[in-house]
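Structure, as structure tokens:
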There are 2 protein chains.
Amino acid sequence: MIKKVLIAEDHESANISVQKTLEDLGITDFQHAYYCDDALEMVKQTAKTDRSYDLMITDLHFEPDDRKVSITNGIDLITAVREVQPDLKILVFSADFTTSTIQMLYNKLDIEGYIRKARHDAQEIKQAIKDLGMHRRYLPRPIMDLINGKNGYEFSTFESAIVKLLAAGTMQKDIPTRLQELQIKPSGLSSVEKKLNQLKQVLNVATNEQLVAFCKDNGII
Amino acid sequence: MIKKVLIAEDHESANISVQKTLEDLGITDFQHAYYCDDALEMVKQTAKTDRSYDLMITDLHFEPDDRKVSITNGIDLITAVREVQPDLKILVFSADFTTSTIQMLYNKLDIEGYIRKARHDAQEIKQAIKDLGMHRRYLPRPIMDLINGKNGYEFSTFESAIVKLLAAGTMQKDIPTRLQELQIKPSGLSSVEKKLNQLKQVLNVATNEQLVAFCKDNGII
DNA sequence: GGTTTTTTTATGGGAAACCGTAAATGATCA
DNA sequence: TGATCATTTACGGTTTCCCATAAAAAAACC
């Protein structure tokens with residue numbers, strides 16, 4: 001069960017909304033830090049005591065300003081915190097959404113969860129904290145799928161060309177011609193259809209529209 | 001011809017990349033400011049001299065920090081700068097991409113160009129500066145289309161709901177049911193089809209996939 | 001060189017999307 | 001209330017997409 005939470009986040013607005021979300025979940029025992037250094041210090045102060053934190057919610061990007069700091073970003077903060085209190089659960093809350101970053105955090109730094117700053121992030125935070133309370137890790141659905149299925153799925157020129165053409169308004173039946181113009185093989189309509197099906201299955205999306213949305217969200221196209 | 005440039009941008013990384021881009025264009029005479037106040041002061045100092053700037057590249061959002069400032073954002077900066085040196089060309093370089101914001105900047109503040117911080121923004125900056133050198137204004141293609149066509153197009157809840165459902169993988173034929181669940185009217189399939197056609201025409205896109213891509217790019221969904 | 005295996009392309013039937021038109025519903029106003 | 005107008009929904013024909021299967025081509029192997 002998550003009872004005591006530390007929020008490391010330089011944006012005041014994000015800070016407020018996270019606090020509000022915690023309150024909605026009935027969690028009232030939380031502190032926040034605007035600088036990584038402060039967050040680390042707060043963990044250090046409490047780690048070996050009965051006032052230790054159960055969860056740290058942290059941003060990845062911290063805006064540098066006049067104050068001299070030794071830790072400038074969330075990744076370094078997580079690394080440092082892990083040394084001090086290894087059992088502290090960590091939930092990353094960031095606008096960054098590149099698959100490689102998340103996979104690194106998940107595989108190398110063993111974070112317990114990742115929420116993207118996006119449309120319904122507050123709802124996601126709630127779900128994530130519930131999952132964490134049940135000792136389950138939480139990742140955004142598409143990333144979860146990537147890790148569970150083929151991990152580190154990379155888009156080939158063929159695949160990215162198809163999705164780009166779709167996003168540019170090319171009708172599926174016209175894609176073979178365009179691929180030939182681009183000198184990309186294969187170019188047959190069946191191959192395009194097959195690849196689209198494959199992509200949809202791997203990425204767990206239902207339609208071409210959703211595929212395009214996913215690729216846009218993840219900066220693939 | 002653009003020779004002397006002022007960069008107003010609080011992110012150091014963005015600052016560096018803009019400078020690099022300028023150097024690629026053969027522009028070496030540039031200064032930068034991390035605060036709006038500083039940028040305005042630099043314009044004031046040079047406006048009436050032979051050292052005046054040809055172009056100011058500015059962000060819209062500036063992170064507040066310990067320093068007390070009188071101008072906190074790009075819009076106020078642009079307004080103030082226009083008073084001091086009306087002929088200074090202004091290129092906005094921002095992550096914000098809401099149509100209404102850009103149209104306001106373009107129509108009310110008469111900015112010369114707008115670049116979104118995005119995938120290929122450096123290339124766009126180059127193109128924009130070339131255009132500006134030829135006394136042409138530069139806007140992202142989709143926004144240009146909006147302004148040339150119907151201007152000031154705002155997405156209603158109905159429209160945005162449809163596009164969101166598409167982007168979430170809902171099949172078109174299932175959208176009516178979902179709209180009813182969301183208590184959004186109209187919900188008939190014909191109405192959905194009609195609206196999609198209308199959106200595609202207004203936004204100058206050919207397919208649903210392209211529509212989703214456009215809305216993702218513009219932060220509409 | 002010929003056989004197997006894989007990849008690519010072609011084909012056809014059925015589902016979904018597209019598009020025009022007509023019917024139905026709802027709003028407005030005398 | 002009833003007539004008019006606008007909006008929403010229903011329907012049918014056509015195109016595109018989807019999906020399974022088979023043919024063709026290319027690659028790998030002996």
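The sequence lines fix the lettering, A, B, ..., with proteins before strands; numbering per chain opens at 1. In this text, all values refer to a predicted model and were calculated from it rather than measured experimentally.
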Could you state the atom-to-atom distance from [atom1] of [X] to [atom2] of [N] in whole Å?
X        : N      : atom1 : atom2 : value
B:Lys185 : D:dT9  : NZ    : P     : 9 Å
B:Lys195 : D:dT7  : NZ    : C1'   : 11 Å
A:Asn208 : D:dC17 : CG    : P     : 9 Å
A:Glu209 : D:dT16 : CD    : C1'   : 13 Å
B:Glu159 : D:dT8  : CD    : P     : 11 Å
B:Ile184 : D:dT9  : CD1   : C1'   : 18 Å

Supply the atom-to-atom distance A:Ile115 CD1 to A:Phe93 CZ, rounded to the nearest 0.5 angstrom.
7.5 Å
Degree of bending in the helix from C:dG1-D:dC30 to C:dA30-D:dT1 once both end axes are built from five pairs, to 10°:
30°
Could you give the side-chain donor-acceptor pairs of residues 70-82 of chain B under 3.5 Å, partners two or more places apart or in another chain?
residue, atom, partner, partner atom, Å
B:Ser70, OG, B:Asp37, OD1, 3.3
B:Ser70, OG, B:Asp37, OD2, 3.4
B:Asn73, OD1, B:Ile75, N, 3.0
B:Asn73, OD1, B:Asp76, N, 2.9
B:Asn73, ND2, B:Asp76, OD2, 3.1
B:Thr79, OG1, B:Ile75, O, 2.8
B:Arg82, NE, B:Leu109, O, 3.2
B:Arg82, NH1, B:Leu88, O, 2.9
B:Arg82, NH2, B:Asp110, O, 2.8
B:Arg82, NH2, B:Glu112, OE1, 3.1

Is B:Thr21 reaching over with its side chain to a backbone N or O of B:Ser17, donor-acceptor style, under 3.5 angstrom?
yes
Just by distance, do the side chain of B:Thr170 and the backbone of B:Leu166 share a donor-acceptor pair under 3.5 Å?
no
Salt bridge (charged side-chain N to carboxylate O under 4.0 Å, His left out) pairs, two or more places apart, involving residues 181-193 of chain B
B:Arg178-B:Glu181
[X]: which residues meet the salt bridge (charged side-chain N to carboxylate O under 4.0 Å, His left out) condition with it, sequence neighbours left out?
X        : result
A:Asp174 : none
A:Lys4   : none
A:Glu9   : A:Lys117

Going 5' to 3' along nucleotides 21-27 of chain D, which nucleotides have protein heavy atoms under 4.0 Å from the base (write B), which only from the sugar-phosphate (write S), and which from neither (write -)?
-------
Within residues 166-182 of chain A: residues closer than 4.0 Å to DNA chain D (heavy atoms):
A:Met171, A:Gln172, A:Lys173
For A:His11, give me all partners under ring pair (Phe, Tyr, Trp, His ring centres under 6.0 Å), at least two apart in sequence or on another chain.
none
Set of ring pair (Phe, Tyr, Trp, His ring centres under 6.0 Å) partners for B:Tyr34, sequence neighbours left out
B:His32
Across all chains, not counting sequence neighbours, the side-chain contact (heavy atoms from CB on, under 4.5 Å) partners of A:Lys194 are none
Does any donor atom in the side chain of B:Tyr35 or B:Asp65 lie under 3.5 Å from an acceptor atom in the other side chain?
yes
A:Lys126 bridged to A:Asp24 by N-O distance under 4.0 Å
yes
Just the endpoints, please: which first and last nucleotides of DNA chain C, 5' to 3', lie under 4.0 Å from a heavy atom of chain B?
C:dA16 to C:dC19
